[in-house]
> 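One structure coming up, written as structure tokens, with questions to follow.
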Amino acid sequence: MRNFAQYPPDVPVNCSGSIAKQICPQSCSGDLMIVRTRFAPSPTGVLHLGSVRTALFCWLYARHHGGNFILRIEDTDRQRSTDENVEAILEGMAWLGLDWDEGPFYQSRRFDRYQEVVEQWLQDGKAYHCYCSKAETDALREQQMAAGDRVRYDGRCRDLRKPRSGVDPVVRFRNPLEGEVVVNDKVRGTVVFENAQLDDLIIARSDGSPTYNFSVIVDDYDMGITHVIRGDDHLNNTPRQMNMLAALGAEPPEYAHLPMILGADRAKLSKRHGAVDIRDYEEQGYLPAAMLNYLVRLGWSHGDQEIFSVGEMISVFDIADVNQSASSFNPEKLRWINQQHIMAKPAKELGQALLPYLLKAGLDPARGPNPSDVAAAFHERAETLTQMAASARYCYENFTVIEANAAKKNLRPVVLEPLQAVRERLAALPEWTKEGIAAAIEETAASFNLNLGKIGQPIRVAVTGGAVSPPIDVTVWLVGQERTIRRLDHALELIAERAAAND
RNA sequence: GCUCCCUUCGUCUAGUGGUUAGGACGCUGCCCUCUCACGGCGGUAACAGGGGUUCGAAUCCCCUAGGGAGUACCA
């Protein structure tokens with residue numbers, strides 16, 4: 001366990017020049033520090049698309065600059081944080097390959113440190129006890145709302161001399177009353193906030209536990225975070241955090257506030273829009289790299305390029321190319337990108353990736369072709385691995401019925417003879433190779449003066465039970481000799497029955 | 001209510017004062033073709049509105065409208 005009190009560790013946070021230049025593999029000019037980013041999810045929910053995109057940008061930025069990526073679990077709300085959610089976050093990150101250099105750190109284990117700062121601030125007059133009850137502040141809010149005023153705590157306990165007895169006070173930060181806070185955001189530009197608009201926020205609850213805005217700044221400070229990259233729902237928190245950082249005597253980090261990701265209907269992303277939990281996408285057969293590729297293009301672009309490997313993303317990613325407007329999640333494009341990644345993946349690796357999906361589909365890989373051969377045959381015709389496993393079912397398992405329309409259209413008495421002939425040729429093949437199979441089918445077609453389609457499609461239906469499959473030679477090859485012959489025989493019987501019925 | 005942010009094809013985006021406003025997904029036509037895909041060549045469709053500044057605005061400024069976030073003893 002790392003000793004947090006020791007933070008920042010012996011890292012040159014303000015090194016000027018040589019070390020940073022040596023370390024940054026992109027030889028980015030003007031770097032004055034070693035980049036340290038953090039992803040700080042709260043385990044009050046699972047890892048969803050929006051948070052993954054945030055994590056990705058933090059990770060890319062750190063990796064691009066040869067810096068460190070830190071994972072911090074913000075679980076100060078003990079009621080709503082769960083171990084299951086922590087697990088979901090860790091699993092999601094692992095699946096995506098978003099590896100962290102330090103952590104995961106849990107805020108719940110740092111309460112002593114927060115308490116220490118609170119005490120210090122109380123002593124220094126940077127914070128004060130507030131004895132207002134919830135009812136009291138609620139009433140104040142309503143009153144202000146009704147009067148059309150800005151809604152904020154009015155600081156009535158700011159200069160209280162004596163404690164009120166019988167109430168456990170909260171601790172509030174003494175925010176400056178005047179002046180302004182200027183945020184130089186890497187994506188928003190300069191954003192100015194008036195201190196008069198801010199109020200004295202609560203930093204410790206009446207039970208002593210720290211609140212979000214406060215624990216964030218002591219952690220960001222202790223952990224030497226140089227770049228805070230987060231969702232733009234935090235932009236409004238930034239001036240408060242900067243004021244507190246100043247109270248701590250710290251220089252503020254660089255800030256970059258990312259636009260939100262919305263659902264296809266421009267509403268906040270929710271269950272209605274499909275999967276929320278990132279792990280659902282794994283379940284559905286998406287490749288992690290494709291997921292990252294899709295997400296990186298939401299709010300960021302690099303010219304006209306759409307497809308990026310993870311390595312490419314790292315090398316070209318720059319906060320300066322992040323745009324300012326919210327984007328909405330588009331499942332069709334995700335599927336297309338997944339397909340592009342499936343096509344680009346070497347058959348062997350793709351076969352590896354496919355394996356668990358075959359198992360999940362209830363198929364036994366031992367009872368059929370090598371998954372990498374299946375992957376090679378299907379990689380151009382599957383948008384997800386789940387789909388691919390489903391399409392390859394006939395390679396591993398016998399089907400009970402032939403698709404009605406396909407049978408009706410293709411298994412007709414006219415093909416009885418050619419099909420019989422091809423069956424014999426295939427049965428006679430000494431070696432089961434794609435070339436041999438292709439030759440057998442072509443020769444049969446030629447001998448009956450048929451084009452390939454006239455015989456290929458009936459074979460396809462007989463062998464797969466449907467009208468769609470990879471090229472016929474490949475399909476037959478994957479199904480295997482024994483099974484092919486058996487299925488052709490079965491089709492032949494059906495055709496014969498049909499012919500008899502027609503007589 | 002108040003504070004802050006955002007606004008280019010349906011969607012993701014390029015664009016930083018002069019472009020026939022480009023690309024991608026989707027949809028669609030044709031080609032390739034043993035099916036399905038992949039691929040190739042086309043088509044469809046956008047600068048929220050109004051004022052300025054300028055010889056010239058998607059690009060700069062102002063206003064309006066619409067969307068979003070925050071305004072918690074949530075994060």
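Because only heavy atoms are used, hydrogens play no part in the values below, and waters and symmetry mates are left out as well, while side chains stay in. What you see is a predicted model, and the numbers here were worked out from it, not measured in a lab.
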> Would you mind pulling out the nucleotide paired to B/rC25, Watson-Crick or G-U wobble, both distances under 3.5 Å?
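By the stated definition (distances under 3.5 Å), B/rG10 pairs with B/rC25.
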> Distance check: side-chain N/O of A/Q305 vs OP1/OP2 of B/rA24, anything under 4.0 Å?
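For B/rA24, OP1/OP2 do not have a side-chain N/O of A/Q305 under 4.0 Å.
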> If pairing requires Watson-Crick or G-U wobble contacts with both distances under 3.5 Å, which nucleotide is the partner of B/rG70?
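The answer is B/rC2, by the H-bond criterion.
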> Would the number of heavy atoms belonging to other residues, nucleotides or ligands and lying under 6.0 Å from CD of A/E312 be above 12?
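For A/E312, atom CD is crowded (more than 12 foreign heavy atoms under 6.0 Å).
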> Considering residues at least two apart in sequence or located in another chain, which fulfil the salt bridge (charged side-chain N to carboxylate O under 4.0 Å, His left out) criterion with A/R425?
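By the salt bridge (charged side-chain N to carboxylate O under 4.0 Å, His left out) rule, A/R425 matches A/E443.
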> Heavy atoms only, 4.0 Å cut-off, all strands: where does A/Q387 land among base, sugar-phosphate and nothing?
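Since no nucleic acid heavy atom lies under 4.0 Å of A/Q387, the category is nothing.
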> Which one is paired to B/rA57, where only Watson-Crick or G-U wobble pairs with both distances under 3.5 angstrom count?
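Because no pair has both required distances under 3.5 Å, B/rA57 counts as unpaired.
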> What distance, rounded to whole Å, do you find between the two P atoms, one in B/rA57 and one in B/rG23?
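Comparing P positions in B/rA57 and B/rG23 gives a spacing of 25 Å.
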> Rounded to whole Å, please give me the gap between CD in A/E443 and C1' in B/rC34.
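Checked: the CD to C1' distance equals 17 Å.
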> Determine, for A/D222 against A/R110, whether the closest basic-nitrogen to carboxylate-oxygen distance falls under 4.0 angstrom.
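Between A/R110 and A/D222 there is a salt bridge, with a charged N closer than 4.0 Å to a carboxylate O.
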> Could you write out each protein N or O paired with an N or O of nucleotides 67-73 of chain B at a distance under 3.5 Å?
{"unit_1": "B/rA69", "atom_1": "O2'", "unit_2": "A/D233", "atom_2": "O", "d": "3.3"}
{"unit_1": "B/rA69", "atom_1": "N3", "unit_2": "A/N236", "atom_2": "ND2", "d": "3.2"}
{"unit_1": "B/rU71", "atom_1": "O2'", "unit_2": "A/V151", "atom_2": "O", "d": "2.9"}
{"unit_1": "B/rA72", "atom_1": "OP2", "unit_2": "A/R141", "atom_2": "NH1", "d": "2.5"}
{"unit_1": "B/rC73", "atom_1": "O2", "unit_2": "A/S206", "atom_2": "N", "d": "3.0"}
{"unit_1": "B/rC73", "atom_1": "O2", "unit_2": "A/S206", "atom_2": "OG", "d": "2.9"}
{"unit_1": "B/rC73", "atom_1": "N3", "unit_2": "A/S206", "atom_2": "OG", "d": "2.8"}

> When you compare B/rG70 with B/rA14, how far apart are their C1' atoms, in angstrom units rounded to a whole number?
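To the nearest whole Å, 32 Å.
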> Whole angstrom is fine here: how far is it from CZ in A/R150 over to C1' in B/rC2?
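Taking CZ of A/R150 and C1' of B/rC2, I get 9 Å after rounding.
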> Tell me what A/Q339 touches on the nucleic acid: a base, only sugar-phosphate, or nothing, going by heavy atoms under 4.0 Å.
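If one applies the 4.0 Å heavy-atom cut-off, A/Q339 turns out to touch the sugar-phosphate alone, with no base involved.
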> Taking the same atom, C1', in B/rG39 and in B/rC32, what whole-Å distance lies between them?
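Going atom to atom, C1' in each nucleotide, I get 8 Å.
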> Is a donor-acceptor pair below 3.5 Å formed from side chain A/R381 to base B/rC36, judging by atom type as modelled?
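Answer yes: a donor N or O sits under 3.5 Å from an acceptor.
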> What distance, rounded to whole Å, do you find between the two C1' atoms, one in B/rC31 and one in B/rA48?
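That atom pair is separated by 40 Å.
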> Does this structure show an ion pair linking A/R152 with A/D200, if we count only N-O contacts that are shorter than 4.0 Å?
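A salt bridge is absent here (no side-chain N lies under 4.0 Å from a carboxylate O).
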> With sugar-phosphate meaning primed atoms plus P, OP1 and OP2, does A/I472 contact a base, only sugar-phosphate, or nothing at under 4.0 Å between heavy atoms?
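Base contact.
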> Provide the distance between the two P atoms, one in B/rG15 and one in B/rU53, to the nearest whole Å.
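Looking at atom P only, B/rG15 and B/rU53 are 29 Å apart.
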> Using a heavy-atom cut-off of under 4.0 Å over every strand shown, decide if A/F378 touches base, sugar-phosphate, or nothing.
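Touches nothing.
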> Would you call A/H234 and A/V228 a side-chain contact if the rule is heavy atoms closer than 4.5 Å?
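Not in contact.
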> At under 4.0 Å, does any side-chain N or O of A/N323 touch on OP1 or OP2 of B/rU13?
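Yes.
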> Nearest whole Å is fine: how far is B/rA24 P from A/K333 NZ?
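Going from A/K333 (NZ) to B/rA24 (P), I get 9 Å.
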> Can you confirm whether A/N405 is buried at CG, in the sense that more than 12 heavy atoms of other residues, nucleotides or ligands lie under 6.0 Å from that atom?
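Check fails, neighbour count at 12 or below.
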> Which whole-number value in Å describes the distance from A/I337 CD1 to B/rU13 P?
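Going from CD1 in A/I337 over to P in B/rU13 covers 11 Å.
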> How many Å lie between NZ on A/K409 and P on B/rC34, as a whole number?
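Checked: the NZ to P distance equals 15 Å.
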> Please name the residue in the list A/Y221, A/F173, A/W121 that meets the ring pair (Phe, Tyr, Trp, His ring centres under 6.0 Å) test with A/F214.
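That would be A/W121; it is the only one of A/Y221, A/F173, A/W121 passing the ring pair (Phe, Tyr, Trp, His ring centres under 6.0 Å) with A/F214.
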> What is the distance, to the nearest angstrom, from the CG atom on A/N195 to the P atom on B/rU3?
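Interatomic distance, CG of A/N195 to P of B/rU3: 15 Å.
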> Is there side-chain contact between A/N213 and A/I217, with at least one heavy-atom pair below 4.5 Å?
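A side-chain contact under 4.5 Å is absent here.
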> Counting Watson-Crick and G-U wobble pairs only, both distances under 3.5 Å, name the nucleotide matched with B/rA45, or none.
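Pairing partner: none.
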> For nucleotides 6-10 of chain B, which of its nitrogen or oxygen atoms have a protein nitrogen or oxygen under 3.5 Å away, and what is each distance?
{"unit_1": "B/rC6", "atom_1": "OP1", "unit_2": "A/Q324", "atom_2": "OE1", "d": "3.0"}

> Which nucleotide sits closest to the side chain of A/D304: B/rC12, B/rA75, B/rG22?
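Of all the options, the side chain of A/D304 is nearest to B/rG22.
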> Do you know which of A/N338, A/I337, A/L292 makes side chain to side chain contact (heavy atoms under 4.5 Å, CB included) with A/L287?
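Result: among A/N338, A/I337, A/L292, A/N338 is the only option passing the side chain to side chain contact (heavy atoms under 4.5 Å, CB included) with A/L287.
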> If a protein heavy atom is under 4.0 Å from the base, mark B; if only from the sugar-phosphate, S; if neither, -; do that for nucleotides 61-66 of chain B going 5' to 3'.
------
> If you apply the rule ring-ring contact (aromatic ring centres under 6.0 Å, His included), what do you find for A/W100 with A/F39, and how did you get there?
CA-CA 9 Å; A/W100 53 91; A/F39 174 52; 9.5 Å; no
> Rounding to the closest angstrom, what is the interatomic distance between B/rC6 and B/rU59 at atom P?
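Rounded to whole Å, the distance is 15 Å.
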> Hey, which of A/V422, A/I459, A/V479 is the one that makes side chain to side chain contact (heavy atoms under 4.5 Å, CB included) with A/T484?
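So, applying the side chain to side chain contact (heavy atoms under 4.5 Å, CB included) to A/T484 and each of A/V422, A/I459, A/V479, only A/V479 qualifies.
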> Counting any heavy atom closer than 4.0 Å, what does A/G453 reach on the DNA or RNA strands: base, sugar-phosphate only, or nothing?
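The answer is sugar-phosphate, as A/G453 gets under 4.0 Å only of primed atoms, P, OP1 or OP2.
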> With rounding to whole Å, what would you report as the distance between B/rC41 and B/rA46 at their P atoms?
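About 24 Å, rounded to a whole number of Å.
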> With distance as the sole criterion, is a donor-acceptor pair present between the side chains of A/Q144 and A/R141 under 3.5 Å?
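No, because no side-chain N or O of A/Q144 sits under 3.5 Å from a partner of the opposite role on A/R141.
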> Using purine N1 to pyrimidine N3 plus N6-O4 or O6-N4 for Watson-Crick, or N1-O2 and O6-N3 for G-U wobble, each under 3.5 Å, what pairs with B/rA75?
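B/rA75 is paired with nothing.
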> Categorize A/P471 for me: base, sugar-phosphate, or nothing, with a 4.0 angstrom heavy-atom threshold over every strand shown.
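Base contact - A/P471 has a heavy atom under 4.0 Å of at least one base atom.
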> Rounding to a whole Å, what distance do you find between A/W300:CH2 and B/rA14:C1'?
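Going from CH2 in A/W300 over to C1' in B/rA14 covers 13 Å.
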> May I ask you to say what A/S301 touches in the nucleic acid, namely base, sugar-phosphate or nothing, with a heavy-atom cut-off under 4.0 Å?
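A/S301: backbone/sugar contact only, no base atoms under 4.0 Å.
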> Counting only heavy atoms from other residues, nucleotides and ligands, does the tally under 6.0 Å from CZ of A/R412 exceed 12?
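No, CZ of A/R412 has 12 or fewer neighbouring heavy atoms, counting only those of other groups under 6.0 Å.
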> Ignoring hydrogens and geometry beyond distance, is the side chain of A/E306 in donor-acceptor contact with the base of B/rG23 at under 3.5 Å?
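Such a pair exists between side chain and base.
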> What is the pairing partner of B/rC38, taking Watson-Crick or G-U wobble pairs with both distances under 3.5 Å in any strand?
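The base-pairing partner of B/rC38, which may sit in any strand shown, does not exist here.
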> Which pairs would a plain distance check flag for residues 252-260 of chain A, meaning a side-chain donor or acceptor within less than 3.5 Å of a matching protein atom at least two apart in sequence or in another chain?
{"unit_1": "A/H257", "atom_1": "ND1", "unit_2": "A/D185", "atom_2": "OD2", "d": "2.6"}
{"unit_1": "A/H257", "atom_1": "NE2", "unit_2": "A/R230", "atom_2": "NH1", "d": "3.2"}
{"unit_1": "A/H257", "atom_1": "NE2", "unit_2": "A/T238", "atom_2": "OG1", "d": "3.1"}

> Tell me what A/T76 touches on the nucleic acid: a base, only sugar-phosphate, or nothing, going by heavy atoms under 4.0 Å.
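Sugar-phosphate: the residue A/T76, judged by heavy atoms under 4.0 Å, touches backbone atoms but no base.
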> Tell me whether the side-chain N/O atoms of A/T475 come closer than 4.0 Å to OP1 or OP2 in B/rU35.
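Checking A/T475 against B/rU35: no side-chain N or O falls below 4.0 Å of OP1 or OP2.
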> If the P atom of B/rG51 is compared with that of B/rA58, how far apart are they to the nearest Å?
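Going atom to atom, P in each nucleotide, I get 14 Å.
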> Does A/P470 reach a base, just sugar-phosphate, or nothing at all? Heavy atoms under 4.0 Å.
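The residue A/P470 makes base contact.
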> Is there side-chain contact between A/Y114 and A/Q107, with heavy atoms separated by less than 4.5 Å?
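In short, these two side chains touch, coming nearer than 4.5 Å.
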> Within a strict 4.5 Å, meaning less than it, do heavy atoms of the A/L90 and A/V86 side chains meet?
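Yes, close enough: below the 4.5 Å cut-off.
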> Restricting both atoms to N or O, compile the protein contacts to nucleotides 31-33 of chain B shorter than 3.5 Å, with distance only.
none

